[in-house]
Novice: 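Take this structure, written in structure tokens, and hold onto it; I'll ask about it next.
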Amino acid sequence: MPDPLAPDADLEQIAAWLREARHVTVLTGAGISTESGIPDFRGPQGVWTKNPAAEKTATLQYYVADPEIRRQAWQNRLNSEMWSAEPNDAHRALVDLEQRDALHGLVTQNVDGLHLAAGQSPEVIVEIHGNVREAKCIACGWRGPMQETLDRVRAGEDDPACLHCGGILKSATISFGENLVPEDLDRSQLMAGRADVFLAIGTSLGVYPAAGLPEVALRNNARLVILNAEETPFDPLAAAVVRGRLGEVLPAIANLV
Ligand code: NAD
């Protein structure tokens with residue numbers, strides 16, 4: 001098993017791998033957006049770490065079965081930090097890497113749209129868990145701008161129903177218990193399989209199928225580099241692990257490429 005690099009020990013080595021690589025694929029998780037003021041789920045300040053019951057609002061089975069969970073979920077959406085959040089230095093460093101031809105695919109588990117807002121090219125991004133900009137009906141498949149549905153919540157509808165079929169509305173994100181969009185999963189797996197360097201950034205690598213992507217990359221002999229504040233189950237398989245703050249670590253690496 002490779003020895004992980006000591007924290008922050010050799011960012012130059014990582015930069016050299018990125019310079020030499022023909023195809024670099026990145027997987028990001030909630031940890032890249034905490035410095036933009038959006039809490040992650042499982043980190044020390046995570047939403048679920050502080051309040052385990054909150055997981056139910058992100059689980060389809062509970063959301064469909066319980067109007068009280070839906071009312072809570074709509075209040076969470078209304079008051080979400082995501083509406084005012086701005087990209088941070090870590091998001092911008094990934095844009096730099098793309099401009100330096102050292103990032104070719106970016107799969108994000110995040111639903112906050114901050115990679116796009118930072119200026120990453122839409123063609124390189126797969127938002128594998130969807131995004132919060134749209135609402136969708138789980139019965140008829142209608143989709144529309146999230147803010148229009150949030151206006152209905154602000155006006156007093158605490159669990160707005162689909163205006164077309166009366167079905168249950170939710171954000172157009174993938175909840176637990178909900179299938180991924182097959183084309184998005186296919187594109188992600190292609191990107192992972194093509195990588196000679198695979199960077200896993202700000203993710204606890206605990207949620208499948210997204211956590212299966214480093215497995216695909218490793219099977220195809222990619223170097224796995226993990227940038228995350230806490231341990232992940234993939235650390236023993238990584239060529240390098242760096243535990244610093246992403247807003248510092250990623251710009252430092254990008255500047256060395
Ligand atoms: P996670 O909450 O399981 O893990 C985040 C990891 O990032 C943690 O291990 C934490 O230690 C690390 N981290 C946090 N801030 C960091 C920083 N500044 N520097 C370095 N590391 C840092 O997140 P996940 O694996 O992405 O899974 C959570 C799921 O929840 C995902 O499916 C995602 O869709 C969703 N989610 C999205 C958002 C968002 O869009 N911003 C926010 C919360 C949750």
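For ligands, and for the atoms within them, numbers begin at 1 and follow the listed sequence.
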Novice: Using a strict cut-off of less than 4.0 Å between a Lys/Arg side-chain nitrogen and an Asp/Glu carboxylate oxygen, indicate whether Glu123 and Arg187 qualify as a salt bridge.
Specialist: no
Novice: If you measure only the distance, is there a donor-acceptor pair under 3.5 Å linking the side chains of Thr34 and Asp40?
Specialist: no
Novice: Which residue owns the protein heavy atom closest to atom 27 (O) of ligand 1, what's the atom, and how far is it?
Specialist: Arg42 NH1, 3.4 Å
Novice: State whether the shortest distance between N or O atoms of Val207 and N or O atoms of ligand 1 falls below 3.5 angstrom.
Specialist: no
Novice: What part of Thr34, side chain, backbone, both or neither, has a heavy atom within less than 4.0 angstrom of ligand 1?
Specialist: side chain
Novice: Would you mind reporting whether Lys170 and Tyr63 have side-chain heavy atoms less than 4.5 Å apart?
Specialist: yes
Novice: Among all protein heavy atoms in this structure, tell me which lies nearest to atom 37 (C) of ligand 1, with the distance rounded to 0.1 Å.
Specialist: Asn110 OD1, 3.9 Å
Novice: Is any N or O atom of Ala30, backbone or side chain, closer than 3.5 Å to an N or O atom of ligand 1?
Specialist: yes
Novice: Which of these passes side chain to side chain contact (heavy atoms under 4.5 Å, CB included) with Ile226: Leu27, Leu199, Thr232, Ile201?
Specialist: Thr232
Novice: What do you reckon, does Gly244 put a non-hydrogen atom under 4.0 Å from ligand 1?
Specialist: yes
Novice: In terms of atom number and element, which parts of ligand 1 are under 4.0 angstrom from non-hydrogen atoms of Arg245?
Specialist: 19 (N)
Novice: Could a heavy atom of Ala90 be found less than 4.0 Å from some atom of ligand 1?
Specialist: no
Novice: Is it true that Ser171 and Lys136 share a donor-acceptor pair across their side chains at a distance under 3.5 Å?
Specialist: no
Novice: Could you tell me the residue and atom name of the protein heavy atom closest to atom 40 (O) of ligand 1, and the distance to it rounded to 0.1 Å?
Specialist: Val111 N, 2.8 Å
Novice: Does the Lys NZ or Arg CZ of Arg71 fall within the cation-pi geometry relative to Trp74 - under 6.0 Å from the ring centre and within 45° of the axis?
Specialist: no
Novice: Answer yes or no: is there an ion pair linking Glu12 with Arg19, defined by an N-O contact shorter than 4.0 Å?
Specialist: yes
Novice: Looking at non-hydrogen atoms alone, which of Gly202, Gly43, Ala211, Gly29 comes nearest to atom 5 (C) of ligand 1?
Specialist: Gly202
Novice: Is there at least one pair of N or O atoms, one from Ile38 and one from ligand 1, spaced under 3.5 Å apart?
Specialist: no
Novice: Without hydrogens or angle criteria, can the side chains of His104 and Asp101 be said to hold a donor-acceptor pair below 3.5 Å?
Specialist: yes
Novice: Does only the side chain of Glu230 get under 4.0 Å from ligand 1, or the backbone, or both, or neither? Count heavy atoms.
Specialist: both
Novice: Among protein heavy atoms, which sits nearest to atom 1 (P) of ligand 1, and what does the distance come to when rounded to 0.1 Å?
Specialist: Ser204 OG, 3.6 Å
Novice: Side chains of Tyr208 and Glu215: donor-acceptor distance under 3.5 Å anywhere?
Specialist: yes
Novice: Just by distance, with hydrogens left out, do Asp151 and Gln147 show a side-chain donor and acceptor under 3.5 Å apart?
Specialist: no
Novice: Give me the nearest non-hydrogen protein atom to atom 39 (C) of ligand 1 as residue plus atom name, then the distance to 0.1 Å.
Specialist: Asp112 OD2, 3.5 Å
Novice: Looking only at heavy atoms, is any part of Met82 under 4.0 Å from ligand 1, and if so is it the side chain, the backbone, or both, or is it neither?
Specialist: side chain
Novice: So which of Asn131, Thr203, Thr28 actually passes side-chain hydrogen bond (donor to acceptor under 3.5 Å, both in side chains) with Thr108?
Specialist: Thr28
Novice: May I ask you to decide if the ring planes of Phe41 and Trp48 are parallel, tilted or perpendicular, using 30° and 60° as cut-offs?
Specialist: parallel
Novice: Among Phe176, Trp48, Phe41, which residue places a heavy atom closest to atom 36 (N) of ligand 1?
Specialist: Phe41
Novice: To the nearest 0.1 Å, how far is atom 34 (O) of ligand 1 from its closest protein heavy atom, and which atom is that?
Specialist: Gln109 O, 2.3 Å
Novice: Could you check atom 14 (C) of ligand 1 against the protein and tell me its nearest heavy-atom contact, residue, atom and distance included?
Specialist: Asp40 OD2, 3.2 Å
Novice: Counting heavy atoms only, which of Gly31, Ala229, Ser36, Ser175 is nearest atom 21 (N) of ligand 1?
Specialist: Ala229
Novice: Of the listed options (Asn228, Thr203, Thr232, Ile32), which comes nearest to atom 25 (O) of ligand 1 when hydrogens are ignored and any heavy atom counts?
Specialist: Thr203
Novice: What protein heavy atom lies closest to atom 20 (C) of ligand 1? Include the residue and the distance to one decimal.
Specialist: Leu246 CG, 3.4 Å
